[in-house]
Amino acid sequence: MSNSFRTTNSTGLINKDKKIYFTFNGTIYHGYEGDTLASALIANGVHLVGRSFKYHRPRGFLGVGVEEPNAMVQLHDGNKSEPNIIATEVELVEGLKAKSQNCWPSVQFDIGEINNVLNRFFPAGFYYKTFMWPKSFWMKIYEPFIRKAAGMGKAPLLPDPDRYEHNYEHCDVLVVGSGPSGLASALAAAKNGARVILAEDKPNFGGSLLTDEVTIGNMSGKEWASDTISQLKSMPNVILKKRSQVFGYYDHNMTVMIERVSDHIENPSKYTPRQRLHYIRAGEVIVSTGSIERPISFGNNDRPGIVLASAAKEYMKVYETLVGKKPIIFTNNDTAYSTALEFIKNNIEPIIVDTRDSSNGELVKEVQQKGISIKFNSGIADTKGHLKINSAIIGKLDSSKESFISEETVECDCICMSGGWTPTVHLSSQAGNKLKFNDDIDAFVPDKKRQKETAIGAANGSFTLNQSLAEGFQVGFDLSNKFTDQNNPTNSPNSNEPSYEKHEKLWCMPLPSGKKPKRFIDFQNDVAVSDVELAIREGFRSIEHVKRYTTLGMAGDQGKTSNLNGLQYVSKIEKKIVPEVGHTTFRPPYTPVTIGAIVGREVGNHYLPTRKSPIHTWHEENNAVFVAAGLWQRPRYYPRGSEDMNSAVNREAANVRKNVGICDVTTLGKIDIKGPDAPEFLNRVYTNAWLKLPVGKARYGVMLREDGMVFDDGTTSRLSENHFHMTTTTAQAANVLSHLEYYLQVVWPDLDVNVLSTTEQWSGIAVAGPKSRDLLSKLFPDVDMSNESLPFMGLVDSSIDGIKARIYRISFSGELAYEVNVESNYGLYTWKKIMEVGQSFDIQPYGTEALSTLRIEMGHVAGAELDGRTIPFDVGLNSMVSQKKDFIGKRSLSKDAFTESDRQTIVGLVPLDKKTKIPEGSHIIEDNSAVAPIPKLGHVSSSCWSVEYNNPFSIAIIKDGKNKIGKNLYAVSPLKDISIPVEVVSSHYVDPEGSRVRS
Amino acid sequence: MLEIKCPYCGKRSQNEFSYGGDATIKRPQLGEEISTEDWDNFVYYRDNPRGKHSELWHHVSGCRQWFKVSRDTATHEIFDTCKMNEDFNV
């Protein structure tokens with residue numbers, strides 16, 4: 001059967017000198033360069049490509065492009081495996097592997113076909129009716145069954161090895177579709193000087209000009225298309241994109257286009273992306289997306305070998321392939337006669353069945369002149385042939401066309417049907433265009449636009465070539481004139497095409513006598529005429545409800561061939577006109593899009609930016625285990641030898657309490673604040689007083705949101721009269737900056753203050769522990785480090801090896817501690833210097849875990865306590881709240897709920913056995929033996945192993961906390977199924993007087 | 001994705017901006033005596049109109065300026081944008 005369905009002519013776009021071998025369902029075939037998987041299979045006589053979604057009926061090709069609802073295949077295998085690929089859109093490439101979907105054990109013999117025999121048990125709404133009861137069956141029986149039966153192909157389980165890219169484009173005019181109107185508008189717009197992008201889904205530009213026998217000027221349609229493309233190619237203001245589908249139209253004229261960059265190339269270079277997603281912001285979008293032929297519903301109209309007439313023509317003209325050798329043409333209009341003529345050209349005599357009483361169209365006459373008789377006033381009632389059509393039952397229609405008078409069986413190997421044409425309005429509709437029904441063509445066309453989008457040509461319902469070209473040149477010029485001042489119109493050339501008579505308003509054939517075969521409307525979703533009837537019989541009236549109940553027009557297909565036939569049938573049963581029925585919503589994407597293309601390069605480490613401190617390399621070299629803190633990578637701990645995390649953390653924390661530790665605090669947010677009103681601004685932002693902070697001093701500050709919840713905390717220092725250095729927590733750095741900018745720009749623009757993030761300009765190094773003073777004195781011999789000269793919350797400028805350094809005496813660990821700030825570029829050097837000099841003081845680096853341990857046992861609050869649900873009172877910061885001045889959020893603090901004395905407040909917890917660590921998030925309850933629901937007193941926010949007392953310690957926020965100190969309660973974690981008896985203690989577990997930081 | 005005209009930088013894609021809510025909300029004066037109801041209206045209660053809405057946007061990945069946008073919440077049409085100390089033209 002090797003390519004026995006090829007035509008003998010070579011007027012198409014395939015290259016018969018280059019064979020391409022491929023595999024389908026394990027059999028090796030060959031096609032030619034320029035073939036699609038679909039055309040190559042058809043050329044080899046293969047029509048059976050898959051099984052239908054619900055009934056597992058044998059299915060073949062219906063179309064030739066994006067409209068194909070049936071021929072979805074699984075491509076490739078292993079990590080390149082890809083499901084649900086439309087075979088008509090796959091260009092043949094050497095070694096391509098494809099297989100059928102939704103069938104087992106094979107597409108020829110599929111067990112699931114039992115569904116077809118049992119089809120009367122699977123009506124519309126079957127799932128809703130059947131899987132309701134008994135309720136207990138859902139999780140164990142129904143759900144796994146449906147899951148197994150659902151879907152078509154199989155998603156690959158391995159990571160996608162291919163590369164995808166994103167591209168952002170801007171243009172004056174985007175033209176979607178390169179048929180006659182698209183080419184005309186692109187040419188007119190480009191000649192008038194506009195920046196134009198022309199997008200074509202197929203591998204060849206030209207659209208219908210590649211298949212229609214027309215002349216434009218003194219050229220054939222095909223020649224004019226190629227001439228126009230060469231003109232456009234030579235213009236620097238034009239971008240031509242083929243294999244590129246504009247699939248989505250979003251707000252503010254943002255369209256998204258997928259370009260198949262290397263799918264058709266045998267061995268693409270390593271860095272060539274497989275596909276590229278283009279975000280195109282266009283000044284104006286011209287929708288010249290053409291139209292799609294409508295099928296006709298008749299008995300068993302879904303057998304392999306039943307195709308759209310236009311598809312049959314394109315297979316012959318472009319791919320030199322015959323869909324069959326004994327064709328029946330079945331139509332309600334004139335255009336299908338061009339397919340008949342193409343068969344005749346290939347010495348094949350088609351049988352023509354026309355529902356109309358007669359037609360005087362030019363093509364009809366031409367066919368008749370060739371001696372072909374036409375069965376007018378007839379329709380196809382039913383078909384036969386299990387895996388491929390072998391005969392049709394042709395019936396003579398009665399005068400009402402509601403039933404057949406007589407029926408005859410005719411042998412055939414294909415049926416080419418045409419129910420007229422549907423403008424492709426998907427993009428216009430996505431853009432918000434309110435469509436209107438055009439009674440002449442029995443279809444919806446764009447009408448009231450919401451965005452800068454203009455439909456032309458067949459997409460606009462203009463089905464003649466003259467009209468399409470005229471609209472194209474006119475609209476291309478008009479729209480481009482908005483962007484250029486050249487005022488240079490291009491005239492539309494004369495064109496010639498056959499004239500057409502009107503179609504008949506008949507899209508659903510009567511049933512054959514005595515039988516009730518399925519007459520499909522939506523092939524992809526297996527929706528037949530009887531399903532639509534049932535939905536309406538059961539009371540679904542809105543077309544949107546009928547759509548969801550029957551699944552008509554859903555999923556990847558988006559009703560490309562089925563939408564109008566469905567609407568038309570509903571309107572017929574309901575005895576309403578179509579515009580009253582309305583239409584369903586067209587949603588992006590117009591065609592399925594690879595998830596990889598949507599993700600682009602944002603995979604793995606590129607998913608988010610990574611922020612590293614200037615000291616990062618030292619941490620890496622010294623065995624740090626890192627933890628993500630927002631985008632930052634911070635050392636969590638530095639294990640030595642075979643140490644586990646707990647022992648490493650305890651060692652690091654204990655060393656801070658005993659000797660001296662060093663911690664990279666570069667990630668803390670830093671904001672430079674300048675201006676004469678800076679003190680006043682801080683006074684409004686923070687809850688405590690700032691006007692009288694002396695120059696050269698730091699102060700701890702707490703800021704609230706307007707709702708009274710603690711927003712952030714940190715120390716801020718006064719560097720000079722009008723110059724402050726604010727620090728924020730790592731997590732809130734960006735939010736605090738936006739917050740400050742909001743108040744300065746929006747609320748109090750009269751304040752003369754500027755704020756600027758300096759987080760990345762400073763590298764911060766905390767040096768903490770009883771030996772820190774001695775170490776710093778050695779590092780900075782010029783600075784008097786005595787308590788009198790540099791007291792707690794003091795700061796001093798100095799230098800180390802000529803590097804400017806600012807030393808703050810601040811402490812998060814509760815120990816005598818300093819923070820050395822240097823310019824970021826010197827961070828690593830300074831750190832190394834401190835480590836070197838610190839050796840004689842037994843210095844050790846400590847990570848975020850030890851940092852937490854130290855602050856928890858001191859009772860210092862952090863993110864876990866400042867979780868957006870606590871006011872200063874709750875977390876022991878009431879002394880920070882000024883009674884004398886107003887500040888952001890102050891008014892909220894006097895609200896009733898915020899002044900209740902038994903609010904949940906911060907306490908410490910120690911397990912009674914002094915051994916069991918309390919999981920963070922545990923609930924605190926009073927009575928362990930109470931029956932659920934047990935009243936919850938609060939929760940554990942932070943837990944650590946206290947290195948000071950060598951037992952577990954936690955911070956909790958519990959109801960009426962202060963009055964619970966000394967009591968025994970329970971910490972329960974239902975997740976871990978444990979209940980721990982605990983004693984409530986002060987949250988300031990170590991050094992409650994704070995004497996160490998001031999020592 | 002919306003295209004927003006920052007009054008300082010020009011047209012940019014939405015992903016450079018963050019939304020800042022109703023631009024007509026006025027914060028009570030500092031130290032002002034205010035009823036709980038009025039305060040709650042300021043802190044919590046916002047209209048959710050369908051149609052024209054004056055709102056704040058912050059050019060976070062740009063000039064870091066807050067500014068005003070007049071936008072249709074149903075169609076996303078942007079009628080005008082202006083600096084904080086200016087009024088919309090339309």
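The chains referred to below are lettered A, B, ... by the order of the sequence lines, with proteins before strands, and numbering in each begins at 1. This one's a predicted model, so the numbers in the text were calculated from it and none came from an experiment. All values below come from the heavy atoms of this structure, side chains included, with hydrogens, waters and symmetry mates left out.
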Enquirer: Could you check whether any side-chain heavy atom of A:R450 comes within less than 4.5 Å of a side-chain heavy atom of A:D251, counting everything from C-beta outward?
Expert: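 They are in side-chain contact.
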
Enquirer: State, with a plain yes or no, whether a side-chain heavy atom of B:R64 is found less than 4.5 Å away from one of B:V60.
Expert: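 In contact.
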
Enquirer: Only one of A:V702, A:T728, A:V685, A:N735 forms a side chain to side chain contact (heavy atoms under 4.5 Å, CB included) with A:F711, so which one is it?
Expert: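 Result for side chain to side chain contact (heavy atoms under 4.5 Å, CB included) with A:F711: A:N735.
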
Enquirer: Where on B:E33 is there a heavy atom nearer than 4.5 Å to chain A: the side chain, the backbone, both, or neither?
Expert: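 No part of it gets close to chain A.
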
Enquirer: Tell me, yes or no, whether the heavy-atom count around B:K5 atom NZ, taken from other residues, nucleotides or ligands under 6.0 Å, exceeds 12.
Expert: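 No, not enclosed.
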
Enquirer: Please determine whether side chain to side chain contact (heavy atoms under 4.5 Å, CB included) holds for the pair A:F483 and A:E284, giving the CA-CA distance in whole Å, both sets of side-chain angles, and the decisive distance to 0.1 Å.
Expert: CA-CA 10 Å; A:F483 306 99; A:E284 293 279 348; 3.7 Å; yes

Enquirer: For the candidates A:M254, A:K895, A:R281, which exhibits the highest count of non-hydrogen atom pairs separated by less than 4.5 Å from chain B?
Expert: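 If we count pairs closer than 4.5 Å to chain B, A:R281 comes out on top.
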
Enquirer: I'd like to know if the side chain of A:N754 and the backbone of A:G675 have a donor-acceptor N/O pair within less than 3.5 Å.
Expert: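 Side chain of A:N754 to backbone of A:G675, a donor-acceptor pair under 3.5 Å: no, none is there.
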
Enquirer: For chain A, which residues from residues 7-27 of chain B lie under 4.5 Å away (heavy-atom distances)?
Expert: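 If one takes a 4.5 Å heavy-atom cut-off, the residues of residues 7-27 of chain B near chain A are B:S13, B:R27.
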
Enquirer: Contact part of A:Y250 toward chain B, heavy-atom cut-off under 4.5 Å: side chain, backbone, both or neither?
Expert: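 For A:Y250, the side chain is the part near chain B, not the backbone.
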
Enquirer: Can you tell me if A:N253 uses its side chain to pair, donor with acceptor, with the backbone of A:G283 under 3.5 Å?
Expert: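 Yes: the side chain of A:N253 pairs with the backbone of A:G283.
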
Enquirer: With a 6.0 Å cut-off (strictly less than), is the heavy-atom count around CG of A:L608, excluding the residue itself, greater than 12?
Expert: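 Atom CG in A:L608 is packed in, count exceeds 12.
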
Enquirer: How would you list, in number order, the residues of residues 37-55 of chain B that have a heavy atom less than 4.5 Å from chain A?
Expert: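 Only B:W39, B:D40, B:F42, B:V43, B:Y44 of residues 37-55 of chain B have a heavy atom under 4.5 Å from chain A.
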
Enquirer: Is chain B contacted by the side chain of A:L737, its backbone, both, or neither, given a heavy-atom distance below 4.5 Å?
Expert: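 For A:L737, backbone and side chain are both near chain B.
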
Enquirer: What part of B:M84 gets within 4.5 angstrom of chain A, counting heavy atoms only: side chain, backbone, both, or neither?
Expert: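 Only the side chain of B:M84 comes within 4.5 Å of chain A.
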
Enquirer: Check the orientation of A:F681 and A:W748. Use parallel for under 30°, tilted for 30 to 60°, and perpendicular for over 60°.
Expert: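 Judged by the thresholds at 30° and 60°, the geometry between A:F681 and A:W748 is perpendicular.
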
Enquirer: Using a cut-off of under 4.5 Å on heavy-atom pairs, state which of A:A734, A:G432, A:S892 scores highest against chain B.
Expert: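 Top option by heavy-atom pairs under 4.5 Å: A:S892.
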
Enquirer: Determine whether the side chains of A:R891 and B:T36 contain a donor N or O and an acceptor N or O closer than 3.5 Å.
Expert: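 A donor-acceptor contact under 3.5 Å links the two side chains.
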
Enquirer: I would like to know whether A:S429 and A:R587 meet side-chain hydrogen bond (donor to acceptor under 3.5 Å, both in side chains); could you show each step before the answer?
Expert: CA-CA 8 Å; A:S429 177; A:R587 298 180 198 285; over 6 Å; no

Enquirer: Just checking, is any N or O donor in the side chain of A:N167 or A:E165 under 3.5 Å from an acceptor N or O on the other one?
Expert: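 There is no such pair between these side chains.
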
Enquirer: Which atoms of A:V746 are under 4.5 Å from chain B, going by heavy atoms: the side chain, the backbone, both sets, or neither?
Expert: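 Both parts, heavy atoms under 4.5 Å.
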
Enquirer: I'd like to know if the side chain of A:T454 pairs up with that of A:K449 as donor and acceptor (distance under 3.5 Å, no hydrogens or angles considered).
Expert: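 Judged by distance alone, the side chains do pair up.
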
Enquirer: Give, as side chain, backbone, both or neither, the part of B:E77 having an atom under 4.5 angstrom from any heavy atom of chain A.
Expert: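 B:E77 touches chain A through backbone heavy atoms alone.
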
Enquirer: Between B:T81 and B:C6 (side chain of the first, backbone of the second, donor and acceptor by atom type, cut-off under 3.5 Å), is there such a pair?
Expert: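 The answer is no, because no donor-acceptor pair under 3.5 Å joins these two groups.
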
Enquirer: Between B:H58 and chain A, with a heavy-atom cut-off of 4.5 Å, which part of the residue counts as in contact: side chain, backbone, both or neither?
Expert: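 Side chain of B:H58 only, per the 4.5 Å heavy-atom cut-off to chain A.
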
